[in-house]
Protein chains: 2
Amino acid sequence: MNELVILETAYRLFTIQGIQLFTMDEIASRLAISKKTLYRFFTSRQHLVQQVCQLVADDYSQAMETAENGKADNLQRVLGFMAANVAFCKKISFTFFADLQKHYPAEYLNLTTTLNAITEQRLLGVLEQGIVEGVFRGSLHPKLVVTILLQHIKRDFEFAAELVNDYSKDEVFRQAMYLFLYGIIAPNALPQLENELKQYSLSNRAAHTEERNNITQQFN
Amino acid sequence: MNELVILETAYRLFTIQGIQLFTMDEIASRLAISKKTLYRFFTSRQHLVQQVCQLVADDYSQAMETAENGKADNLQRVLGFMAANVAFCKKISFTFFADLQKHYPAEYLNLTTTLNAITEQRLLGVLEQGIVEGVFRGSLHPKLVVTILLQHIKRDFEFAAELVNDYSKDEVFRQAMYLFLYGIIAPNALPQLENELKQYSLSNRAAHTEERNNITQQFN
DNA sequence: GACTATTCGACATTTTTGGTCGATTTATAG
DNA sequence: CTATAAATCGACCAAAAATGTCGAATAGTC
């Protein structure tokens with residue numbers, strides 16, 4: 001048994017189903033090891049939680065970096081960031097953050113500020129450059145827009161969990177993403193945005209929607 | 001403060017977010033009363049859980065009854081049952097049943113057998129009559145079909161919670177419902193089924209889908 | 001076979017949570 | 001207005017659950 005296997009298992013369990021659901025006994029049991037062994041690698045539960053948080057932050061950081069890499073223009077970069085955020089929000093459950101905030105407030109604060117810093121750092125420059133290029137509206141206050149977006153993401157993340165009866169998380173985050181993009185785009189860059197969105201739409205969601213349309217056609 | 005208010009609050013909290021998430025202190029706090037007052041109406045936590053289970057069963061029973069009432073033929077009755085099940089599955093979270101099974105196994109067994117009995121009792125007769133009428137396939141073994149359906153519902157209920165990233169619960173349960181209906185319908189009653197489904201589709205989901213189609217049209 | 005490293009699961013300790021009780025407040029009747 | 005009864009509060013207790021520890025047992029190596 002090694003540290004990485006334990007950490008990845010905890011990461012998977014915590015981020016998908018929440019932290020409090022899993023006791024140290026439960027985690028050890030899932031790994032088919034004893035608690036002693038578990039505590040050999042992680043001196044305390046808090047330590048394990050901290051490491052998982054670190055992994056979450058690293059994951060997001062890397063996703064945002066790859067989203068920016070190889071993109072030709074600033075619009076594509078912002079689109080990449082948005083897609084990365086949708087993927088991230090889908091991967092991490094709300095319960096994870098709720099448990100973290102309640103039972104590990106210090107770690108929660110640390111993680112959220114880190115995540116926000118990553119987003120702000122990446123997005124701000126791209127936004128400012130895009131405004132200069134005229135692809136984003138000139139009336140934007142970049143720093144304020146980023147701050148507002150961060151708050152919106154947080155809120156979307158909260159209530160998306162409550163809407164699962166009627167909408168998939170994918171739908172919710174996608175709508176929120178569209179809202180932001182159409183909110184910042186300059187009028188004459190609108191065709192470019194819609195063209196780019198078509199690409200994204202086709203690559204990710206199209207298979208499902210087309211399939212569904214075929215099925216529903218039978219009923220109408 | 002009265003018993004009903006407490007019970008309904010507990011019902012709402014438990015069925016939507018799960019049982020174990022709420023301690024007696026938490027429940028009292030939400031009601032803005034003290035624990036003493038709470039224990040005046042419910043002698044123990046188990047007692048409260050039992051009452052909530054009773055309410056769940058009553059709720060389902062009544063939904064199934066109203067689903068059958070005023071229906072002209074057996075196909076419509078089955079459709080009504082299916083719609084009632086979708087509504088029920090959407091209202092009660094999987095966590096509720098998971099918590100119940102783990103921490104109150106006796107109450108879990110009692111509730112599930114009650115719910116299954118209600119479904120079987122309602123559905124069996126309608127199914128048998130429908131077979132005689134020729135609206136459902138003659139090769140059906142009604143009792144076995146009902147048993148299988150109950151198992152399928154249980155399973156759908158479990159994994160629907162895991163699919164919320166990509167599909168809304170509504171979509172999942174609806175697909176499962178279609179599968180069952182097309183599975184039991186007699187070939188020459190197929191047009192009738194499709195006609196009925198159109199009604200249901202329009203009354204419930206159409207507003208959303210149409211709206212969404214309008215939005216997505218902008219991108220394609 | 002002796003020595004070391006690793007693992008186990010029972011046990012101790014801490015935290016949490018269900019349940020209780022006297023003190024206090026509020027309502028009601030004379 | 002006062003006396004009595006009813007209802008409520010929140011500090012407290014006890015039981016349950018979870019974290020963290022330790023000696024014994026096992027596996028591996030020379």
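Here is the naming used below: chain letters follow the sequence lines, and residue numbers restart at 1 for every chain.
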Rounded to whole Å, the NE2-P distance (B/H47 to C/dT20) equals 14 Å
With respect to the phosphate group of C/dC8, does any side-chain polar atom (N or O) of A/T37 fall under 4.0 Å of OP1 or OP2? yes
Report yes if a donor N or O on one partner sits less than 3.5 Å from an acceptor N or O on the other, where the partners are the side chain of A/K36 and the base of D/dG23; otherwise report no. yes
More than 12 non-hydrogen atoms from neighbouring residues, nucleotides or ligands closer than 6.0 Å to CD on A/Q62, yes or no? no
Out of curiosity, A/Q129 CD to A/R77 CZ, how far, rounded to the nearest 0.5 Å? 6.5 Å
Check this one for me: any side-chain N or O of A/R40 less than 4.0 Å away from OP1 or OP2 of C/dT7? yes
Give the rounded distance in Å between these two atoms: CD of B/Q20 and C1' of C/dT16. 12 Å
With under 30° as parallel and over 60° as perpendicular, where do the rings of A/F173 and A/F157 fit, or are they tilted in between? parallel
From CG of A/N2 over to P of C/dT6, roughly how many Å is that when rounded to an integer? 13 Å
What is the distance from CZ of B/R45 to P of C/dT20, rounded to the nearest Å? 15 Å
Find the distance B/D25:CG to C/dT16:C1' and express it as a whole number of Å. 10 Å
For B/A32, which contact category applies under a 4.0 Å heavy-atom criterion: base, sugar-phosphate, or nothing? sugar-phosphate
Return the value, rounded to whole Å, for the distance between atom NE2 of B/H103 and atom P of D/dA18. 8 Å
Rounded to whole angstrom units, what separation is found between the NZ atom of B/K35 and the P atom of D/dC13? 13 Å
Report yes if at least one side-chain N or O of B/T23 is closer than 4.0 Å to OP1 or OP2 of C/dT17; otherwise report no. no
Donor-acceptor pair, distance only, cut-off 3.5 Å: does the side chain of A/D99 make one with the backbone of A/G18? no
Checking side-chain hydrogen bond (donor to acceptor under 3.5 Å, both in side chains) against B/Y104, which of B/Q50, B/Q46, B/R45 comes through? B/R45
Using whole Å, report how far CG of A/L38 lies from P of D/dT21. 12 Å
Side chain of B/S34 - closest among D/dT19, D/dG10, C/dG18: D/dG10
Within the 4.0 Å heavy-atom criterion, would you say A/T43 contacts the bases, only the backbone, or no part of the nucleic acid? nothing
